[in-house]
Protein chains: 2
Amino acid sequence: MKTIGFDSHNHDACISDALGIATDICAQQKLQFTPVRRRVLEILLHEHRAMGAYDILEVLSSEGLGSQPPVVYRALDFLVKHGLAHRIEGLNAYTACAHLDHEHVPAFLICRTCKAVAETDTGIAQGRLGQAAASAGFTIEKVVVEAEGLCPSCAGAAA
Amino acid sequence: MKTIGFDSHNHDACISDALGIATDICAQQKLQFTPVRRRVLEILLHEHRAMGAYDILEVLSSEGLGSQPPVVYRALDFLVKHGLAHRIEGLNAYTACAHLDHEHVPAFLICRTCKAVAETDTGIAQGRLGQAAASAGFTIEKVVVEAEGLCPSCAGAAA
DNA sequence: TGATAGTCGTTACATTATAACATATCAATA
DNA sequence: TATTGATATGTTATAATGTAACGACTATCA
């Protein structure tokens, strides 16, 4: 289990690595990694941060890549469906996947101040929730785990 | 850890018990358990199910208890703030708290077909997410755990 | 009684998301 | 190459969810 998000890192490399992996994934699965889709992922990667669909649309729009909501929602649907991005339910927002290289059940640490998002893994389906579901006869198809709070730098700034 | 929601039970008693406890809680904390607030909780209790704010508003409105969105959102804010109800982030919906009698970090099993909601406890903050947060220096203030899938009766109906 | 905090009713609006349909593009193949 | 079918895009319009702001009312208590 590795948490990614609040540590500093070579961000340019991080972005280009992720785009490379995403390109490979799309090629392998014969998915069309179109300009809009690529650009939306790029925008999300550029910030390690949850962004609203309309925030992204604003950027796209300023670049002539589409100016109406369906454009960005379709791209986000594509990215989320194929695991390249995640939706943050608690914020009605989206973030690039930080663990492109393997299957996972994501869990998020979300800073309520700066909206920075750290992604980590969780074995929740094998844990207590999994037990509860099993004993209730419930079939889990999807799990949302989101923790909201303060990231180290915002906690420091507040102190 | 007890899961409540998919088992059958005496629902009338369940509702009146919960309303009684809610009344006590409000009295103890000197909160005003006004007609609108009580009625919204009652509506949520009546279904063990996630309901959208506008669904609830429709019922209120048909009873002359208020016809504008702020009425229901205020009541829901009150109920959620004081732990009498929970917001289901994955559905933009609300459900009555099924564990009124003790403090807890709720986790939900949500049927994607019938929207039935079972509430259970989770020790997530002490589990892997807690570890991840601690090692990242992140301060957790609130945790959302929601599993979407099929409840026993919908799974049976589909088969 | 007056002061205060909390609640309610209402208007108007902001934000988030989708339905529906026409057009365009791509990939496989007749 | 031309055709076809699947996929993606552009656009208009609208649905669904949620809030800001203001004035009136109500409970409580000094």
Side-chain angles (χ1 to χ4, degrees), chain A residues 22-23 26-41 43-44 49-82 84-95 110 112 115 144 146, chain B residues 22-23 25-41 43-44 50-82 84-95 115 144 146:
Chain A
T23 305
C26 289
Q28 274 166 31
Q29 302 184 28
K30 309 220 190 255
L31 304 170
Q32 299 183 41
F33 200 32
T34 64
V36 179
R37 292 168 178 178
R38 170 181 289 269
R39 186 63 188 126
V40 169
L41 182 57
I43 291 166
L44 288 175
R49 195 165 75 77
M51 294 183 75
Y54 281 74
D55 296 335
I56 298 166
L57 181 57
E58 208 168 301
V59 179
L60 286 184
S61 173
S62 75
E63 297 170 350
L65 271 172
S67 58
Q68 300 306 320
V71 172
V72 71
Y73 280 105
R74 284 171 186 150
L76 288 169
D77 285 349
F78 171 88
L79 296 173
V80 169
K81 182 174 172 187
H82 296 100
L84 304 175
H86 301 290
R87 177 175 162 82
I88 305 293
E89 299 291 347
L91 298 175
N92 293 337
Y94 303 83
T95 191
I110 306 152
R112 71 167 150 79
K115 305 276 188 262
V144 173
E146 298 176 3
Chain B
T23 305
I25 290 174
C26 290
Q28 275 167 30
Q29 303 184 29
K30 310 223 191 252
L31 305 171
Q32 299 183 41
F33 200 32
T34 63
V36 179
R37 291 168 178 180
R38 169 180 291 268
R39 186 64 188 125
V40 170
L41 182 57
I43 292 166
L44 288 175
M51 295 183 76
Y54 281 74
D55 297 335
I56 298 167
L57 179 58
E58 209 168 300
V59 178
L60 286 183
S61 173
S62 76
E63 296 171 350
L65 270 172
S67 58
Q68 301 305 320
V71 171
V72 70
Y73 280 105
R74 284 170 186 151
L76 287 168
D77 285 350
F78 172 88
L79 295 173
V80 169
K81 182 174 172 187
H82 296 101
L84 304 175
H86 301 290
R87 177 176 162 82
I88 306 292
E89 299 291 347
L91 298 175
N92 292 337
Y94 303 82
T95 191
K115 305 278 188 260
V144 173
E146 298 176 3

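Protein chains get the first letters and strands the later ones, always in sequence-line order, with residue 1 at the start of each. This is a predicted model, so every value here is computed, not measured.
Atoms CD (A/Glu58) and P (C/dT15) sit 11 Å apart, rounded to a whole Å. Atom-to-atom, CD of B/Gln32 to C1' of C/dA5 comes out at 9 Å; the value is rounded to the nearest Å. In this structure, A/Leu31 atom CG and C/dT25 atom P are separated by 21 Å, rounded to whole Å. Nucleotide D/dG18 holds its C1' atom 17 Å from the CE atom of B/Met51, rounded to whole Å.
The B/Val36 side chain lies nearest to C/dC8 when the options are D/dG18, C/dA17, C/dC8. Checked against D/dT12, C/dA17, C/dC8, the side chain of A/Gln68 finds its nearest nucleotide in D/dT12.
The shortest distance between side-chain heavy atoms of B/Val71 and B/Leu65 does not fall below 4.5 Å. Contact annotation: the side chain of B/Asp55 never approaches that of B/Ile43 to less than 4.5 Å [non-hydrogen atoms, C-beta and beyond]. With a 4.5 Å cut-off on side-chain heavy atoms, A/Thr34 and A/Phe78 do not count as touching. Counting heavy atoms from C-beta on, the side chains of A/His82 and A/Gln29 come closer than 4.5 Å.
At D/dT17, none of the side-chain N or O atoms of B/Tyr94 fall inside 4.0 Å of OP1 or OP2 (strictly under the cut-off).
The base of C/dG9 sits with one of its N or O atoms less than 3.5 Å from a complementary donor or acceptor on the side chain of B/Arg74. Scanning atom types as modelled, one donor and one acceptor separated by under 3.5 angstrom connect the side chain of A/Tyr54 and the base of C/dA17.
Both B/Gly64 and A/Ala93 lie near DNA chain C, and the one whose nearest nucleotide falls closer to the 5' end is B/Gly64. When each of B/Asn92 and B/Lys30 is assigned the nucleotide of DNA chain D with its nearest heavy atom, B/Asn92 is the one assigned upstream, toward the 5' end. Mapped onto DNA chain D by nearest heavy atom, B/Leu91 and A/Thr34 fall at different nucleotides, with A/Thr34 at the one closer to the 5' end.
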